[in-house]
Each structure stands twice: as C-alpha cells, then as structure tokens.
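Numbers here are sequence positions counted from 1.
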Amino acid sequence: MGNSNDKVTFPTLGDVLEMVSQNIFLDFTSGFSQYKKLVRDNVRKHWASPDALGYPQNFMSFGLSSIQFPVERVLNACSARLAGKLVDWWSNPTPAPSAMSDLIRTEILPGLFLAESEHDHQIIDSISMGDNKKPYAKEVADWAAGIRKRRNDLNIPFENLQRFISNEQEKYAPHFHDTGTDPKRWSDYFQKMWDNLSWLIPEKRKELRATVYQMVEDRFRGPKFTRQFLEVLIEVFADFRSKFDQDRQKNWLPKERSAQNALQTLLKQIDNHAQQMLMLNRKKVIEDDFQSIMQALEQVYVSKVEVKARTLGVMLLDGLREEIDQLLVDLTAFETVLASVQMELQDKERVYTRETGGLTVNGILLYDEKEIDAAYAKTVSDQEETLCQTLSQNVLEELRLRLFDLYQFDTLKTKDLYERLLGQSMEVFRRRSQLDISTARKFLEQYPTVEMQEAQIKTTFEKSEAFLRLSQEQKKLGWDDKLEKYQKLVGIQGGSKPTDPAVSALLPMIRKTSTVTDKEIRPLNDPYHIYFVQETGAFPLRMIEGMERMRSLYRAVSQADHNPLHTHQDYRQFGDIMPETSNERQARYNLMLANALGLVREEENRVTGFAEIKFTYRDKLTGFDKTDVMGTTWEEAEDFLLTDQNRRLAETLDNAIRAIGEQAATKPQKQALYTQVMTYLKQQEQTLPGGPDSDDYKRIQAAISNFVTTHRLFIPGENPQPAVAIPNPPAPVTPTPVASTPVVPAPAVATPAAAPVASADENLGKYAKLVETCYRRGNPSTTELELLEKFRVKYGVLVEQANAIAAQYQPQDTIEQAAAEYALMFRAFIENDGDIDLEEQAQLLELQEELSLTNEQVAIIEENVRSELA
C-alpha cells in the first residue's frame with residue numbers, strides 16, 4: 001500500500017490510514033466483505049505459484065473511494081449540542097431576588113430553626129433547652145414560682161423569710177457554676193447547654209448543606225441563586241453574632257449584676273422589716289419585699305442562662321460560617337466542573353460542525369453545516385425541557401449521585417461525566433428517524449445536472465484505483481498481467497436492485513462511467529455511503545515501484561550496530577525480494593576476484609584478535625596507503641560492497657580489478673594472470689563443501705569466467721593447466737610485509753609447462769629474476785608468495801638463499817612511507833591543540849631531516865593533513 005495512484009496522492013500517512021481503516025471497517029461491519037473475498041479466491045491459483053523469476057506472488061493491494069454523508073459527524077454534533085443544553089439546564093441561571101436577606105430571615109432560616117423568634121432567637125432556645133425540652137429560663141421561672149408556693153404552703157413567719165430564701169438559693173445556685181474553660185467542670189445546666197451546642201453544630205451544618213443541595217436542584221432557584229444565598233447568609237449570621245455579643249455585654253450581664261446587688265439589699269431589708277413589730281403596714285411591706293427578692297433571684301439566674309446561651313450561640317454561628325465557606329468552595333468546584341464539561345461539549349460541537357480538516361474522504365463528502373441544525377431541530381423541537389429532565393435523571397442515576405455531588409469530580413470523573421452525557425444524548429438521536437438520509441438523494445441534489453453527476457461519479461471511481469505503482473521495468477522481466485488479478489466493486493444500498501428511487505437514478509451513471517456490471521454492483525446495508533473498491537492481487541513485492549531504494553535503505557540499516565529490523569541475529573536468512581541487478585552481480589563478482597587476485601585478504605585484528613576482511617588501496621589525494629575493514633566474514637564483506645554508502649570503495653575495488661586485467665597486455669602476462677585465477681578456482685573446488693556442485697563454487701566460477709572473457713586471458717593451445725593440488729602454506733621466505741599494499745599488485749609469473757634441465761646457478765638466477773618481478777611494485781600478495789615457494793622448490797633453491805634474495809629486492813623505506821610517518825606526527829600535534837608550538841616544530845624538523853624530506857614535500861603533506869581535518 002502506497003500513498004498514491006494515478007489519480008490521487010495522499011499528503012500524509014494519516015490519510016492512508018484513514019482509507020485502510022475504512023476498508024477494515026467495511027469488512028467487519030457490513031455484508032459487503034463477502035463480495036470482496038471473491039477476488040482472493042479468484043487469484044489463489046495465481047499466487048500459489050511463484051512468478052517467472054521465482055518470487056512469491058502472495059501479495060495484494062487495494063484502493064477505496066466513496067460518496068458519503070457523514071452521519072456519525074452529524075450525530076456527534078447534535079449529541080454534543082444537546083448535552084451542552086443539559087449542562088446549561090443544570091447551571092439554571094435563574095435571577096436571584098433583590099431582597100435575599102428578607103427571604104433568608106423569613107422563609108429559609110425558620111425552617112432550619114436558626115431564625116429570630118417572636119420573643120428571642122431560635123438559636124438561643126435550642127442551646128438553652130433542658131432535659132425536659134424546656135428552656136432553662138423557663139426552668140428558673142418555674143423554680144421561683146415553686147418557692148412562692150412553698151412559702152405560702154408552709155406559712156413561713158416573717159422573721160424566718162430571709163433564712164428560707166437563702167436556703168433555697170443555696171440549693172439552686174450549684175446549677176449555674178461555670179468556672180474554668182473545660183465544660184466537663186461546669187454545672188449540670190451549663191453542661192447540658194454545651195452538649196446541645198456539640199449536637200447542634202454538626203446537625204445544623206448538615207441541614208444547611210442539605211438545603212444547598214435542594215436549592216441547586218430547584219428549577220426556580222439553581223446554583224446562581226444558591227451562591228447569592230450563601231453570600232447573604234454570611235451577612236445575616238454576622239448580624240446575629242453581633243446581636244448576641246451586644247445582648248450579652250449590654251443587656252444580660254448588666255441585668256445580672258443589678259439583680260445581684262438588688263438581691264443583697266432586699267435580703268437585708270426584709271429582715272429589718274420583719275423585726276419592726278409595730279409597723280402599721282408591716283405585712284404588706286414584707287410581702288412586697290418578698291416579691292422583689294424573688295424577682296431579683298429569677299433575674300439573676302435567667303441572666304446567667306441568657307449570657308451562657310449567647311456565648312455558645314456565637315460558637316454555633318462560627319461553626320456554621322465554616323460550613324458556609326466550605327459550601328462556597330464546593331459550589332465553585334461544582335460550577336468549574338459544569339464549565340469544564342460545557343467547554344468540552346462546545347469544542348466537540350464546533351469541531352464536528354465547522355472544522356472539516358479531520359474529514360479525510362477519498363471521494364465526495366456530502367456535508368453542510370445546516371444538516372446539523374435541521375437534524376437537531378427535527379429531533380428536539382419543543383421537547384428540550386423534557387429531554388433535559390429525562391437525561392439528567394438518567395445520568396445522575398447512572399452515577400448514583402445528586403446534582404451538587406458533581407463538585408467532588410476530579411479530571412477523570414469529569415471525563416466520565418462528559419462521556420455519559422454524550423452517550424445519553426446520542427441515544428436520543430439514534431432512536432429518532434430524522435437522520436435516515438439517502439446519500440444518493442443528497443448527491444443528486446448537490447449535483448443537479450446529468451453531466452455533473454456523471455463527471456463526479458467517474459472521478460470518484462478512478463480515485464479507487466489500487467494505491468500501488470507497479471514498476472514497468474520489473475514487468476518486463478516477467479509477470480503474468482491477467483484480468484483475474486483485478487477486481488472492481490461498487491457498494492450501494494440495495495445493490496443492482498434498489499428500492500430507493502435515487503439509487504435507481506444513479507445506477508445507469510455508475511455502469512456507464514465505471515464500466516462495472518450488475519455482478520460487480522453489490523448491496524450495502526448503509527444508506528449513508530456509496531463505496532468504490534478496486535483490488536489488485538497476485539503480484540510479487542519486486543513489482544512495487546521504488547522497492548530498489550527501499551532495499552538500499554534496508555541494507556544500510558541492517559549493517560547498523562543496533563539493527564532494529566530483525567529479532568534474529570542472522571538476517572541473511574531473509575531472502576532478497578528483488579532480482580539481482582548487473583551492478584550488484586558485478587560487486588559480488590569483484591569480491592571473489594579480489595580474493596583470487598590478493599586485493600582483499602582475511603587477517604587477524606591485532607587489537608581484538610578477531611579475523612577481519614581488509615582492503616588496502618592507495619589514496620589518490622595523499623598518496624598514502626589506506627586499509628578499510630569490510631566485515632568480519634566474507635558474507636559481511638559482500639553486504640558492505642552492496643550498500644550505497646560504500647559505493648566509492650566498491651568503485652575503487654572495481655577499478656583495481658579492471659587495472660589488473662588491462663595491464664595483462666602481452667601473451668605471457670595474460671598466461672600468468674590466467675594461471676593465477678584458475679589456480680584459485682581449483683583451490684576452491686577442492687576446499688568448498690560439495691566441490692563443483694556447490695552454489696558458492698558456481699558463483700566463483702561465473703565471476704572468474706566473466707573476468708577471463710572480458711580481458712581475453714585464455715589463449716587456446718598456449719595456456720598451461722593450473723596446478724591440481726592445493727599448495728602448502730608458503731614458508732617464511734620473507735619477513736612480514738609492510739602495512740601498505742599498492743592498488744594494483746603485479747600478476748604472478750606463470751608456472752612453465754616443462755622446465756628444462758639447467759645448472760644450479762642458472763636456476764638461482766631464474767628464481768632471483770622472479771623475486772625481482774614480484775617485489776618490483778611493492779610487497780607481493782599471498783598468492784604470489786605461494787607461487788614463489790613453488791618455484792623455490794622447483795629450482796631447488798635453499799631457504800637461506802631465498803631469504804637472502806628476498807632481502808635484496810624487498811622495498812626499502814619509500815617516499816610514501818616517509819610521508820606517512822611525517823603526516824602521522826604532524827596530525828597528532830594538530831589534533832592536540834590545533835596549533836604547532838616551538839617545541840613541536842623542532843621535533844618535526846628533526847623528523848624531516850631523518851626522513852630526508854624536502855621543504856616542498858613537507859608543505860604538501862601538512863596542507864593535505866590540514867585539509868583532511870577541516
């Protein structure tokens with residue numbers, strides 16, 4: 001699958017994936033897939049066997065285009081709009097009343113028993129309530145009344161009244177002790193009032209929160225009303241608190257002190273009056289004193305109760321203020337959740353309504369923003385309030401929450417709420433019939449003339465060509481381009497026998513413009529889409545255009561240290577998907593020839609101890625000998641030469657091999673070179689498993705045959721037969737050769753067919769001439785050393801004599817070696833700090849004199865090193 005066919009080029013990978021996903025969706029969600037599978041059955045016989053070049057053909061591609069009405073887009077937009085309406089319905093921005101304070105004092109707080117009562121305050125009454133459900137102020141009044149009755153019943157003499165009253169006061173006074181801050185040390189009345197406070201604070205906070213929940217849900221109030229209620233309630237409670245403090249300080253504490261003082265005076269006064277026996281109105285005066293004393297006593301204890309009740313009432317109001325503050329925080333969180341969901345819903349509606357960039361359709365998209373408005377209006381109409389009420393109930397029941405509980409939602413829960421709102425809203429539109437829209441009818445409406453309709457269908461069908469470009473070059477190599485390997489399909493509601501008149505009107509145009517038959521027009525159980533599918537099957541991967549470049553990239557990556565392409569270490573087990581090109585074939589031949597000619601050798605790395613395949617050549621810019629490692633095995637060396645990034649080195653090797661062949665101009669040189677390569681071939685025949693029957697031997701033979709033919713090395717009747725046996729490893733005739741190897745080593749001297757009988761001196765001279773020839777252009781190769789060893793044995797030259805002759809002709813230090821040594825030191829100094837100081841310059845001058853280099857040579861070497869580093 002590519003990103004283009006002859007009619008369409010997808011700009012992004014996402015467009016390709018969209019088409020593939022539509023095809024998969026079509027396969028799994030409609031009965032249309034059964035018709036597509038027929039193409040696979042038809043081509044099975046073709047891809048069961050390889051193509052003409054032996055490559056498997058079990059590959060196929062497709063293209064898909066469509067004319068469609070984006071019903072899911074309309075559904076999503078409508079559901080997002082309805083869900084947004086539901087969130088607005090929850091927000092319920094009902095205007096709050098201007099007289100909120102009066103509403104709170106007269107309607108809301110009385111229901112919470114927190115309002116000002118007719119005589120005092122419900123808070124005070126609740127705190128000062130005794131065990132018998134009677135305020136302690138009433139308890140004091142009843143106590144005073146009881147004393148009066150008891151005095152009458154006992155008919156206490158006047159002179160005993162003061163003692164009687166004092167005794168009763170002593171009995172009652174312990175109920176009003178509150179020394180210390182620990183309520184556990186208070187008297188029973190005050191402890192009861194403290195218990196009342198401890199119960200009232202959580203209870204009233206709970207009732208206040210329940211009131212807020214009801215307000216948020218109330219369609220005549222709502223969150224906006226609730227916020228104003230809480231803000232004004234703070235002011236109301238602050239007013240209550242101020243009044244409690246003022247009443248306690250300015251009213252009840254003074255009353256208590258005044259009553260205490262009056263009580264002391266009256267007790268003395270009644271005792272004095274009781275002792276005046278001759279007073280004319282003695283009885284009335286004493287009676288008045290008694291009543292005044294009882295009023296003072298009642299005032300003292302009532303004042304104590306009222307003072308304590310207001311002190312505790314302030315604490316209750318403070319507790320409620322904390323709850324109001326928390327409710328305001330929770331209300332803000334609730335409003336934030338609603339605002340967040342509302343924003344997401346609006347964004348979703350906006351995306352599905354206006355932003356069409358996400359609509360990737362290869363074909364025609366019949367979409368108009370007005371479709372969403374029409375579908376929404378037909379479905380919702382005047383039922384918006386009822387739908388919101390139903391949806392709200394369904395969503396909250398699913399969540400098992402009340403509306404105000406949404407304040408607790410974090411990001412994940414808010415996302416879940418968003419999805420539930422969309423899901424419930426989507427069901428509303430899926431259950432209605434307003435979206436049963438015929439794509440065929442909409443197409444005819446959008447393109448009113450027959451000419452326009454035929455042109456659009458033709459263009460859309462052509463866009464469904466397989467998204468695959470086949471290489472014409474590969475086709476020429478051999479591929480059965482048969483009709484059975486292609487298929488065209490059209491999927492439309494009703495197929496070739498539709499019930500929709502609009503589809504019936506389209507079918508003749510489809511047949512005309514797309515050249516399909518009724519057999520290829522298949523029914524699709526989907527009124528919103530018309531699909532065009534073209535499939536191409538039974539082709540090998542080599543047919544794909546651009547596969548050569550992909551293979552080059554594959555080879556480059558496969559040689560990376562961290563190969564990301566395969567989980568198996570031996571990636572060579574995966575066969576090449578492309579036939580071998582002439583350049584690749586020559587690169588493989590060159591590696592085999594380089595081995596035969598001694599240009600590439602297998603040596604042990606002195607640092608790592610592992611074997612490496614090395615190629616040594618002369619750098620044209622510096623004249624230095626350079627060695628490149630092509631791999632650790634001959635297989636890796638082959639991959640190395642086939643990689644594009646090593647193209648220059650492959651060309652260098654090719655040039656070296658060509659130079660060797662071209663330098664063999666005379667008949668003896670051709671005979672010598674022919675003998676060398678044939679000897680190598682004979683060695684491979686005897687060492688390779690399978691001998692001449694192995695594939696490796698056949699490839700080597702083909703490479704040598706091509707080399708011999710190209711350079712005309714074989715001379716009928718004159719070329720000697722190569723040695724049959726593999727020669728023994730050469731004796732240490734010469735010391736280890738130096739590191740540099742020239743680009744073109746001289747060809748070895750051919751073994752004569754029959755050596756005439758000669759003297760030892762003559763044979764020694766012949767051997768010396770052969771050694772001179774081998775060392776004329778540098779150190780000989782391994783093959784040349786093996787030939788020298790054969791001639792040494794043949795001529796009967798002793799090992800000591802051979803070593804002496806080799807030492808005589810072995811190249812001494814050359815200008816190249818001297819230049820390389822000087823360049824090495826100069827490079828080290830430059831790479832150290834980028835400059836040459838005085839001491840380093842002195843060392844370089846000494847080395848120059850030691851190597852006998854001229855100033856001109858040194859200048860060239862330094863310039864080359866600087867250029868290379870730059």
Side-chain angles (χ1 to χ4, degrees), residues 50 53-56 542 551 554-555 558-559 566 568-604 610-615 628-643 646 649-650 653-654 656-658 660-661 673-711 713-714 719 721-729 745 748 781-784 786-787:
L53 299 183
Y55 290 91
R542 69 179 179 86
R551 182 177 61 174
Y554 166 82
R555 285 172 173 168
S558 66
Q559 294 186 25
H566 303 299
H568 198 283
Q569 185 175 5
D570 183 16
Y571 62 86
R572 295 178 63 87
Q573 64 176 314
F574 300 97
D576 198 341
I577 62 174
M578 295 294 295
E580 185 179 51
T581 65
S582 58
N583 291 336
E584 292 170 350
R585 187 184 308 111
Q586 188 61 49
R588 291 187 173 96
Y589 284 176
N590 285 345
L591 182 62
M592 302 172 194
L593 292 170
N595 189 13
L597 299 174
L599 296 176
V600 176
R601 64 194 182 280
E602 183 175 9
E603 287 184 353
E604 179 182 299
F610 294 103
E612 292 178 341
I613 309 300
K614 297 181 179 181
F615 172 41
D628 280 342
V629 177
M630 302 169 67
T632 58
T633 64
W634 291 104
E635 290 80 5
E636 290 184 9
E638 181 179 297
D639 293 338
F640 181 89
L641 289 177
L642 294 176
T643 305
N646 301 319
L649 192 66
L653 180 61
D654 183 70
I657 293 174
R658 289 178 184 274
I660 292 176
L673 190 55
Y674 179 82
T675 301
Q676 182 178 354
V677 296
M678 292 304 294
T679 301
Y680 173 79
L681 180 62
K682 203 67 177 179
Q683 293 174 6
Q684 298 302 315
E685 178 183 348
Q686 298 185 16
T687 57
L688 287 174
D693 297 327
S694 69
D695 293 336
D696 291 338
Y697 175 82
K698 292 177 181 178
R699 284 192 290 268
I700 297 173
Q701 187 182 46
I704 291 178
S705 174
N706 181 64
F707 181 74
V708 169
T709 304
T710 300
H711 299 287
L713 301 181
F714 178 70
N719 288 80
Q721 293 295 325
V724 175
I726 301 175
N728 295 325
S781 65
T782 303
T783 304
E784 292 171 336
E786 292 174 355
L787 289 174

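The closest side-chain heavy-atom distance from Tyr697 to Leu681 is below 4.5 Å. Counting only heavy atoms from C-beta outward, the side chains of Met592 and Arg699 approach each other to under 4.5 Å. Ile704 has its side chain within reach of Leu593: a pair of non-hydrogen atoms, C-beta onward, lies under 4.5 Å apart.
Distance check: Gln701 CD to Gln684 CD gives 12.0 Å after rounding to the nearest 0.5 Å. Interatomic distance, CD of Gln586 versus CZ of Phe707, reported as 10.0 Å (0.5 Å rounding). Lys682 contributes atom NZ, which lies 12.0 Å from atom OG1 of Thr687 (distance to the nearest 0.5 angstrom). Atoms CG and OG1, from Leu713 and Thr675 in turn, are 10.0 Å apart once rounded to the nearest 0.5 Å. From Met630, atom CE reaches atom CD of Glu638 across 10.0 Å, with rounding to the nearest 0.5 Å. Note that CZ of Phe640 is 5.0 Å distant from CG of Leu649, once rounded to the nearest 0.5 Å.
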**Prompt:** Can you list the steps and then say if Ile700 with Leu688 is a side-chain contact (heavy atoms from CB on, under 4.5 Å)?
**Reply:** CA-CA 11 Å; Ile700 297 173; Leu688 287 174; 4.1 Å; yes
**Message:** Under the criterion side-chain contact (heavy atoms from CB on, under 4.5 Å), I'd like the reasoning laid out for Arg588 against Leu642: C-alpha separation, chi angles, the key distance, then a yes or no.
**Reply:** CA-CA 8 Å; Arg588 291 187 173 96; Leu642 294 176; 3.3 Å; yes
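Checking each of Asn595, Leu641, Asn590, Ile613 against Val600 for a side-chain contact (heavy atoms from CB on, under 4.5 Å) leaves exactly one that passes, namely Ile613.
For Gly661 against Leu673, the heavy-atom pair with the smallest separation is CA-CD2, 4.0 Å. The two residues Ala611 and Glu602 have their closest heavy-atom pair at CB-OE2, 3.7 Å. Pro692 and Glu685 make their closest contact through CD-CG, 3.8 Å (heavy atoms, listed as atom of the first residue, atom of the second, distance). When all heavy atoms of Tyr55 and Arg542 are compared, the closest pair comes out as CD1-CD, 3.7 Å. Residues Ala594 and Ile657 come closest through the heavy atom pair N-CD1, 4.0 Å. Residues Phe615 and Leu599 share a closest heavy-atom pair of CD1-O, 3.5 Å.
Open room surrounds CZ on Arg658; 12 or fewer heavy atoms of other groups in view lie less than 6.0 Å from it.
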